[in-house]
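Notes for the one structure printed next.
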Amino acid sequence: MTSLRLTIVFAAACLACGGVRTTMLTGGRLRPHSPTDSVPAGWQTDGSAISMRFDSTVAARRDGRPTLRIAYDGKAPYAGIIQRIDADSLGGRSIELRTHLMQDSTSASVGIWMMAVSANRERLAYINSYDAVSAAPYRWAAHRLRLTVPPGTARLLVGASVHTGSGVMWVSDLSLSRGRR
């Protein structure tokens, strides 16, 4: 079974740590739910991918590690992965989401995103990196977002997606860390 170092750096135990930038792992390396599943454990598909799989080909490896490959045909609004995180006690905290992405064409737009929602599913904040990084084909690009979680946030949604045109996106080293209040 292939694994990818795609980690969400976060933990409920961290939330009690006052003021100090803390990083704790929840889930470790990204792995399929089962040997036949290509969706990473702890994540869900988001949108409509033609295919999603772990890619260990030489061209797709980053720093010698396999990456997550998501193919998109442009017929649906987008394709990607999503994770939902309980965020009841994160109000006022700075959250940073980082990754490296690669794409196969300039017609598709790739990026990461974060959304803060209230208990009644009201969108309180949303940011993304789609237009912030130049997207040369077959070159890894660093994506980074920082969000101060609004008071009243019950859930933080994080993801990586490809949209706008057809294409393939590779994801490597996705991490989420918590900063100071």
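The first residue of the sequence shown is numbered 1, and numbering continues consecutively from there.
Val149 approaches Leu90 most closely through the heavy-atom pair CB-O, 3.4 Å. Across Met169 and Val171, no two heavy atoms sit closer than the pair CE-CG2, 3.7 Å. Listed here is the closest heavy atom pair of Asp86 and Arg155: OD1-NH2, 3.0 Å. The two residues Thr67 and Trp170 have their closest heavy-atom pair at OG1-CD1, 3.3 Å. Of all the heavy atoms in Gly167 and Ser105, the pair that sits closest is CA-OG, 4.3 Å. Taking both residues in full, the closest heavy atoms of Ala154 and Ala119 are given as CB-N, 3.5 Å, listed atom of the first, atom of the second, then distance.
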query: Under the side-chain hydrogen bond (donor to acceptor under 3.5 Å, both in side chains) criterion, do Arg84 and Gln44 qualify, and how do the steps go?
result: CA-CA 9 Å; Arg84 292 164 178 84; Gln44 296 175 342; 2.5 Å; yes
- prompt: Does the side chain to side chain contact (heavy atoms under 4.5 Å, CB included) test come out yes or no for Ser56 and Arg61, once each step is laid out?
  reply: CA-CA 6 Å; Ser56 60; Arg61 293 173 77 82; 3.6 Å; yes
CA sep, side-chain torsions, deciding dist, call: Ile70, Val110, side chain to side chain contact (heavy atoms under 4.5 Å, CB included): CA-CA 11 Å; Ile70 301 170; Val110 302; over 6 Å; no
task: Could you please spell out the steps behind the side chain to side chain contact (heavy atoms under 4.5 Å, CB included) verdict for Leu145 and Glu96?
output: CA-CA 6 Å; Leu145 295 174; Glu96 184 173 89; over 6 Å; no
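Side-chain atoms of Tyr72 come within 3.5 Å of backbone N or O of Pro77 as a donor-acceptor pair. A donor-acceptor pair under 3.5 Å links the side-chain atoms of Ser129 to the main chain of Ile112, judged by distance alone. One N or O on the side chain of Asp104 and one on the backbone of Val168 form a donor-acceptor pair closer than 3.5 Å. Using modelled atom types, one side-chain atom of Gln103 and one backbone atom of Ala108 make a donor-acceptor pair closer than 3.5 Å. Judged purely by atom type and a 3.5 angstrom limit, Thr99 uses its side chain to pair as donor or acceptor with the backbone of Ser172.
Under a hydrophobic clustering in which Ile, Leu, Val, Met, Phe, Trp and Tyr are joined whenever their side-chain heavy atoms come within less than 4.5 Å, directly or via other members, Ile95 and Leu174 fall into the same cluster. Phe54 and Ile82 fall into different hydrophobic clusters, where Ile, Leu, Val, Met, Phe, Trp and Tyr are joined by side-chain heavy atoms under 4.5 Å apart, directly or via other members.
The shortest distance between side-chain heavy atoms of Glu122 and Val117 does not fall below 4.5 Å. Residues Arg123 and Met115 are in side-chain contact: their nearest non-hydrogen atoms beyond the backbone lie under 4.5 Å apart. Looking at heavy atoms from C-beta onward, Met52 lies in side-chain contact with Ile81 at the 4.5 angstrom threshold. Using a 4.5 Å heavy-atom threshold, the side chains of Arg69 and Ser51 count as touching. Residues Leu156 and Leu147 meet the side-chain proximity criterion, which asks for heavy atoms closer than 4.5 Å. Annotation: side chain of Trp43 is not in contact with side chain of Leu68 (no heavy-atom distance under 4.5 Å). Residues Arg144 and Leu97 fail the side-chain proximity criterion, which asks for heavy atoms closer than 4.5 Å.
With values rounded to the nearest 0.5 angstrom, Thr153 atom OG1 is found 4.5 Å from Leu124 atom CG. One distance of note links CD of Gln83 with CG of Leu157; it measures 10.0 Å at 0.5 Å rounding. Taking OG of Ser109 as the reference point, atom CG of Asn128 lies at 8.0 Å (rounded to 0.5 Å).
Identified under the ring pair (Phe, Tyr, Trp, His ring centres under 6.0 Å) test for residues 87-130, with sequence neighbours left out: Tyr130-His163.
Under the side chain to side chain contact (heavy atoms under 4.5 Å, CB included) criterion, Pro151 pairs with no residue, sequence neighbours left out.
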